[in-house]
Peer 1: 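The structure under discussion is supplied below as structure tokens; questions concerning it will follow.
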Amino acid sequence: MRESLPTPHFVDTRPFDPGRSDPGRHEDERFYRASSMALIWWKFRRNRLAVVSAFLLLFFYATVPFVEMIAPYGQSERNGDFLYAPPQPVHLFHEGAFVGPFVYPYSFTFNRETFTRDYVVDRAAPQRLRFFCEGSPYLFWGLAEMRLRLVCPPEGGTFFPMGTDRLGRDLLSRIIYGARISLVIGLAGIAVSFALGLFFGGVAGYLGGWVDSAIQRLIEIIRSLPELPLWLALSAALPANWSPIAVFFGITIILGLLDWPGLARAVRSKLLALREEDFVKAAELMGASRTRIIARHLIPNFMSHLIASATLSIPSMILGETALSFLGLGLRPPVTSWGVLLNEAQNLAAVSLQPWLLWPIVPVVLVVLAFNFVGDGLRDAADPYRE
């Protein structure tokens with residue numbers, strides 16, 4: 001057999017210049033010098049479903065400060081002539097001609113056989129919607145009275161894209177107002193849970209011994225209690241004469257107090273593994289206190305995992321508030337949340353005669369799914385053993 005010739009090698013005889021342009025080397029250094037947060041972001045953005053869910057959540061939370069401006073009607077504004085009015089869809093074309101966003105007006109007759117209102121759509125008189133217009137007055141952030149709204153009903157007409165409730169209140173406007181409470185209570189609840197979980201988990205994981213045993217027994221006792229009955233009992237214990245704001249904070253604290261054990265155990269397991277590392281021993285030899293070691297050296301080393309865990313816990317907070325309000329033991333009118341709106345749709349008539357009253361369940365499902373997708377994406381991106 002003919003021997004194979006040796007492969008020629010190229011040897012660059014130029015002196016090494018660290019500042020010389022070398023695209024491959026600079027691309028490698030981009031990854032070598034990147035921070036942990038940058039690496040997590042690069043891995044997270046490859047998950048398209050998680051990125052889309054993150055933008056959806058940003059959109060929802062961006063609307064929270066401006067709900068009064070976005071909603072077509074006020075939170076409790078009534079339309080006595082349109083009780084249980086069905087959804088009023090938006091159209092663009094009338095008889096083949098482009099008119100722009102418009103709706104057809106309603107008229108109703110009282111049905112003496114079913115004792116309900118039969119609404120009839122007048123398709124001969126389209127009514128154009130108004131944008132960036134003056135509507136009913138409201139207090140922007142409770143400070144200044146304003147009338148500017150993103151969309152307004154036509155002059156002398158109505159605009160109920162999701163229908164109305166038993167008092168003639170626009171359901172879309174109430175869903176927009178309810179987003180403020182339902183979305184904020186998830187963040188407020190996870191703040192309480194996060195603080196308790198970091199404290200008890202950090203103390204148990206770093207100190208160990210009888211302190212760890214006592215905290216673990218406390219966690220086991222809380223986890224052994226049935227969650228829903230405990231929620232109901234604590235919510236029923238709230239005084240009935242409390243203001244809506246006080247009830248809001250009470251529900252938030254209840255949700256936070258019942259959700260911290262899972263996070264505390266995750267923190268404990270991480271600290272048990274990290275407290276034997278060399279950088280912890282070095283900090284102890286340099287005289288750092290236990291509080292400083294936990295707060296400045298241990299917790300930051302797995303903060304990305306904590307963020308992912310917190311993101312996955314927010315949906316449980318939102319569902320908890322929705323369940324309590326749906327059962328009538330959470331937030332109460334005049335406070336508006338998605339759970340309060342669903343409380344009005346828990347009878348059979350709502351499903352059979354007024355199915356549009358179930359619209360508040362749609363944003364609940366979207367937000368919970370979006371948080372779960374974002375949490376899964378963050379968890380995979382924060383895992384150093386996952387490509």
Peer 1: Thinking salt bridges, do Glu220 and Arg223 make one under a 4.0 Å N-O criterion?
Peer 2: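 A salt bridge is absent here (no side-chain N lies under 4.0 Å from a carboxylate O).
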Peer 1: For Phe59 and Tyr61, I'd like to know if the aromatic rings sit close, meaning centre-to-centre distance below 6.0 Å.
Peer 2: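 No; Tyr61 has its ring centre 6.0 Å or more from that of Phe59.
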Peer 1: Would you kindly confirm whether Trp42 and Val52 end up in one hydrophobic cluster when ILVMFWY residues are joined by side chain heavy atoms under 4.5 Å apart?
Peer 2: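 In one cluster with Trp42: Val52, no.
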Peer 1: Rounded to the nearest 0.5 Å, how far apart are CZ of Phe82 and OG1 of Thr164?
Peer 2: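 If I round to the nearest 0.5 Å, the distance is 9.0 Å.
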Peer 1: Under the criterion side chain to side chain contact (heavy atoms under 4.5 Å, CB included), I'd like the reasoning laid out for Asp259 against Val192: C-alpha separation, chi angles, the key distance, then a yes or no.
Peer 2: CA-CA 9 Å; Asp259 194 65; Val192 176; over 6 Å; no
Peer 1: Please tell me whether Ser337 and Arg180 have a donor and an acceptor in their side chains that are separated by less than 3.5 angstrom.
Peer 2: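 Distance-only check fails for Ser337 and Arg180.
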Peer 1: Is the side chain of Ser182 donor-acceptor paired with the backbone N or O of Trp338 at a distance under 3.5 Å, no angle test?
Peer 2: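 Confirmed, Ser182 side chain pairs with Trp338 backbone.
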Peer 1: Under a 3.5 Å distance rule, please check whether Arg174 uses its side chain to pair with a backbone N or O of Ser76 as donor and acceptor.
Peer 2: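 Checking the backbone N and O of Ser76 against the side chain of Arg174, no donor-acceptor pair under 3.5 Å is found.
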Peer 1: Determine whether Ser289 and Arg292 satisfy the following criterion, side chain to side chain contact (heavy atoms under 4.5 Å, CB included), listing intermediate values before the conclusion.
Peer 2: CA-CA 5 Å; Ser289 63; Arg292 181 179 178 85; 3.5 Å; yes
Peer 1: I need the minimum non-hydrogen distance between Ser53 and Ala370, along with the two atoms involved.
Peer 2: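 Looks like CB-O, 3.5 Å.
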Peer 1: Mind listing the closest non-hydrogen atom pair of Glu68 and Phe140 along with its distance?
Peer 2: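 Where Glu68 meets Phe140 most closely, the heavy atoms are OE1-CD1, 4.4 Å.
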Peer 1: Spell out, as yes or no, whether a donor-acceptor pair under 3.5 Å connects the side chain of Arg149 to the backbone of Ala71.
Peer 2: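 Confirmed, Arg149 side chain pairs with Ala71 backbone.
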Peer 1: More than 12 non-hydrogen atoms from neighbouring residues, nucleotides or ligands closer than 6.0 Å to CD1 on Ile361, yes or no?
Peer 2: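 Atom CD1 in Ile361 is not packed in, count stays at 12 or less.
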Peer 1: Do the side chain of Arg78 and the main chain of Gly168 share a donor and acceptor less than 3.5 angstrom apart?
Peer 2: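 Here the side-chain-to-backbone pair does not exist.
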Peer 1: Restricting to non-hydrogen atoms, name the atom on Ile219 and the atom on Ala264 that form the minimum distance, rounded to 0.1 Å.
Peer 2: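 Distance-wise, the nearest heavy atoms are CD1-CB, 4.0 Å.
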Peer 1: Say whether, by atom type as modelled, one donor and one acceptor occur between the side chain of Thr322 and the main chain of Ile318 under 3.5 angstrom.
Peer 2: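 The answer is yes, because a donor-acceptor pair under 3.5 Å joins these two groups.
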Peer 1: State yes or no: do Leu167 and Trp356 share one hydrophobic cluster built from I, L, V, M, F, W and Y residues joined by side-chain heavy-atom distances below 4.5 Å, directly or via other members?
Peer 2: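 No; Trp356 is not reachable from Leu167 via cluster members.
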Peer 1: How about Phe160 and Tyr73: are their ring centres within less than 6.0 Å of each other?
Peer 2: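 That pair passes the under 6.0 Å test.
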Peer 1: If you count the non-hydrogen atoms of other residues, nucleotides and ligands that lie under 6.0 Å from CG in Asp278, is the total more than 12?
Peer 2: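 Check fails, neighbour count at 12 or below.
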Peer 1: Could you check whether Ser173 and Glu77, counting side-chain N and O atoms only, form a donor-acceptor pair closer than 3.5 Å?
Peer 2: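 Not at all, the side chains of Glu77 and Ser173 share no donor-acceptor pair under 3.5 Å.
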Peer 1: Looking at Tyr104, is its backbone amide N or carbonyl O close enough to the side chain of Gln88 to form a donor-acceptor pair, meaning the two atoms are under 3.5 Å apart?
Peer 2: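 Checking the backbone N and O of Tyr104 against the side chain of Gln88, a donor-acceptor pair under 3.5 Å is found.
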